[in-house]
Amino acid sequence: MMQNTKVKKTGRGKRREWVLGVGLMAGLVGFVFRIPLSRMIGDKGVGFFAPAMEIFMVSSAMMCYGISKAVAILVKYRAKRDMYKSARKIYQSALVFTILFSALMTLFVFFFSEFIAQTFILEYRGYLAIAAIAPAILLSGLLGVMRGYLQGMGAMMPTIHSRLLEKFVMLVAGLLLAAASFSYGEKVAALLRNTEYAAAYGAMGASIGVSVACAIGILHIILIRLIYAGTFKQQLMNDTAKYVESNGQVISTFFSAALPYMICALLYNIHYLVDQRVFNYVMNKQDKGGIRVAHWGVYYGKYSVVTGIVAIICTMSAVLVIPRIAQMYDKQEYGEVKYRIGSAIHNLAVLTIPCAVWVAVLAEPIVKMLFTGDQDTAVKLLQTGSGVIVFFTFGYFLMLLMQRIRKIRMVILGGLAAFLIHLIFLFVLISSTKLGIIAVALGLLVFWLVVCITGFIGIVQYMQYSPEWLRTFGVTTAAAAVSGLVGMLLSKVMISWAGGIITFFVCIVVCMLIYLVLMILLRGIREDELEDMPGGRVIIVLAERMHLL
């Protein structure tokens, strides 16, 4: 029998939720950053910025997530047992490794930026942005280790503030420097009679902004470290452990813990870089090299932004329950685990499926409202690939859950399978058809679909969970489709005379009302489930007044 129990959250539980929530908010800011950036430096500018940002994102994921996660886990384990000297050795070993690895990567990226852009990415003028972002690689590595140590020692809130500060600085500094650099680039472009230089310099300015944000983040985290220095020194003096691990043991433990997380970070973040390389290669073969950078800019700066923002907002509604589910799993409270997984999956379906439908049918007003430049390609991408909102959200939730219950092998195998299958699919599709950038969006869809399938296999295998396919997915899809059809027809009537903004807001309100009415009438959502959803109480009151409940 399903249990519907309310669990009071402890301070520690709330901190865990904050860490997950801030990670998603940081990603959200990164997507929002690209909206004004696209308007400032154009589609080509975003196309030149994309490889630099993704090189940074891959290295940052490996360091700020992979190594940081390992350091936090290892330090926390030792701090709980008063093994503060061993915890400090873990931190020092991680710091030395990160400095060496990140410094080598930074030097390679900076001094070989032209080689990377021309050979690895096939986008030569992207070298300015790649060289400008190189310092951020070293700085993000240091940030990851220091944040991991502070989290392991129990200082979670300061690290959360540090991440938020870094993203805010990136947003402001990146846009200001992009605008200034783009203005300078226009002069260079006029002198050299090549308009692409303005876009390339604008991308370089945005990359410098990312490096500045990391530098500010380092200064802030050093300040926090100094504030806690006295406390950490006192803890070292109060170390009651009878045994201090040797340097060899510490290094071995660190690498065995960090390597799986680094592999996960690589597998789930490198596909953008690889996809751009494949796309540029095929476009050159098909004699379409002149449009490749602009089309990638549309994909990276418009399609990925809209789907990414919607997916992250939906993910926030369910991902915060993961620490509690993992805790119940460890206590072998399997009945409660099944109920909470079922509730989270149902909530995700109720949110993501209609959102994907609405993004597809309202693609034109959304693009007109947010972006300039090539709008037609952006609309086609959203209409074709909005399903990634559903697959990303479920894949992220399920794989994060697998990781929290220590099924890291499943996460790695899922990421590897998704990467290889999507790569084969993309290369065959883009080579044998004229779809171009649309094929890349379909490849991304396949990537997260495979991740999603692997995640469902994992929860069925390890948690004996059986989804309510008809109510969770069937009814939800039917209600979303009907609301989407109404929204599409209304949008076609309004868009020509009302414009993008008014059309979008009118259509989305109508779609939401129709969807909610259908979901309640078809019993796709119950009153107790509405109570657990954001804004659910308001919906219940309205439904009662309309005699739907």
Side-chain angles (χ1 to χ4, degrees), residues 38 41-55 57-58 108-109 112-131 189 192-200 203 266-267 269-304 307 373-385 387-388 416-450:
S38 176
I41 65 177
D43 295 332
K44 285 190 175 182
V46 175
F48 291 135
F49 174 69
M53 189 63 181
E54 287 307 309
I55 288 172
M57 290 294 288
V58 170
F108 176 77
V109 170
F112 293 91
S113 57
E114 292 187 56
F115 173 76
I116 293 170
Q118 190 167 12
T119 306
F120 291 160
I121 312 297
L122 299 180
E123 205 62 77
Y124 176 71
R125 289 190 180 88
Y127 81 91
L128 291 171
I130 292 173
L192 299 177
R193 297 180 181 179
N194 189 329
T195 57
E196 288 191 347
Y197 278 99
L266 182 66
L267 290 173
N269 287 275
I270 200 171
H271 55 85
Y272 272 114
L273 272 176
V274 175
D275 289 358
Q276 187 173 9
R277 175 58 162 80
V278 172
F279 174 72
N280 287 344
Y281 173 79
V282 175
M283 287 297 99
N284 290 342
K285 287 287 186 180
Q286 295 178 353
D287 295 323
K288 296 180 180 178
I291 64 170
R292 67 171 192 262
V293 63
H295 275 202
W296 191 264
V298 174
Y299 173 79
Y300 193 77
K302 294 183 173 73
Y303 166 74
S304 293
T307 55
D374 184 356
Q375 296 181 339
D376 292 340
T377 303
V379 170
K380 290 177 184 176
L381 284 168
L382 288 174
Q383 291 172 340
T384 305
V388 76
L416 180 60
F419 178 76
L420 294 176
I421 292 172
H422 114 277
L423 186 59
I424 295 169
F425 174 86
L426 171 62
F427 189 79
V428 171
L429 186 65
I430 199 171
S431 300
S432 59
T433 68
K434 301 296 183 181
L435 289 174
I437 197 66
I438 302 295
V440 181
L442 292 173
L444 184 67
L445 203 67
V446 168
F447 178 90
W448 287 108
L449 174 61
V450 175

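Any value given below was found using the heavy atoms of this structure, including those in side chains, with hydrogens, waters and symmetry copies removed.
Residues Thr377 and Tyr299 bring no donor and acceptor atom of their side chains to less than 3.5 Å of each other. Between Glu54 and Tyr300, the side chains place a donor N or O and an acceptor N or O closer than 3.5 Å (distance only, hydrogens not considered).
Interatomic distance, CG of Leu449 versus CZ of Phe425, reported as 10.0 Å (0.5 Å rounding). Note that the CD atom of Gln276 and the CD1 atom of Ile437 stand 8.5 Å from one another [nearest 0.5 Å]. Expressed to the nearest 0.5 Å, how far CG of Leu266 lies from CG of Leu416 amounts to 10.5 Å. Summarising the geometry, atom CD1 belonging to Ile291 is positioned 13.5 Å from atom CH2 belonging to Trp296; distances are rounded to the nearest 0.5 Å.
Of the possible polar contacts, none joining the Thr384 side chain to the Ile438 backbone as a donor-acceptor pair under 3.5 Å is found. A donor-acceptor pair under 3.5 Å is formed between the side chain of Asp43 and the backbone N or O of Asp374. Side chain of Tyr272 to backbone of Met53: no donor-acceptor contact under 3.5 angstrom is found.
The neighbour count for Met283 CE, taken as heavy atoms of other residues, nucleotides or ligands under 6.0 Å away, is above 12. Tyr281 OH: 12 or fewer foreign heavy atoms inside a 6.0 Å radius.
At least one cation-pi condition fails for Arg292 and Phe279: the charged atom is not both under 6.0 angstrom from the six-membered ring centre and inside a 45 degree cone around its axis.
No side-chain heavy atom of Thr307 sits under 4.5 Å from any side-chain heavy atom of Leu381. Between Gln118 and Tyr127 there is no side-chain heavy-atom pair separated by less than 4.5 Å. Between Val293 and Glu123, some side-chain heavy-atom pair lies under the 4.5 Å cut-off. Residues Phe120 and Leu273 have side chains not in contact (no heavy-atom distance under 4.5 Å, counting atoms from C-beta outward). Leu444 is not listed as a side-chain neighbour of His422, based on a closest heavy-atom distance of 4.5 Å or more. Here the side chains of His271 and Leu426 are not in contact, with every heavy-atom distance at 4.5 Å or above.
The minimum heavy-atom distance linking Ala189 with Thr195 is given by the pair CB-CA, 4.0 Å. The two atoms that bring Leu128 and Ala200 nearest to each other are CD1-CB, 4.1 Å, heavy atoms only. Between Ala294 and Lys44, the shortest heavy-atom distance links the atoms CB-CG, 4.0 Å. Pairing each heavy atom of Ala199 with each of Ile41, the nearest pair is CB-O, 4.1 Å. Listed here is the closest heavy atom pair of Gly126 and Ala117: C-CB, 4.2 Å. For the pair Val58 and Asn269, the tightest heavy-atom approach, listed with the atom from each and the gap, is CG2-O, 3.6 Å.
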Decide side chain to side chain contact (heavy atoms under 4.5 Å, CB included) for Ile430 and Leu435; before the verdict, give the C-alpha distance in whole Å, the side-chain angles of both, and the deciding distance to 0.1 Å.
-> CA-CA 6 Å; Ile430 199 171; Leu435 289 174; over 6 Å; no

Just do the side chain to side chain contact (heavy atoms under 4.5 Å, CB included) check on Tyr303 and Leu382 with the steps written out, would you?
-> CA-CA 6 Å; Tyr303 166 74; Leu382 288 174; 3.7 Å; yes

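Phe419 and Phe447 have their aromatic ring centers separated by at least 6.0 angstrom.
Sorted by first then second residue, the salt bridge (charged side-chain N to carboxylate O under 4.0 Å, His left out) pairs that include residues 275-291, not counting sequence neighbours, number zero.
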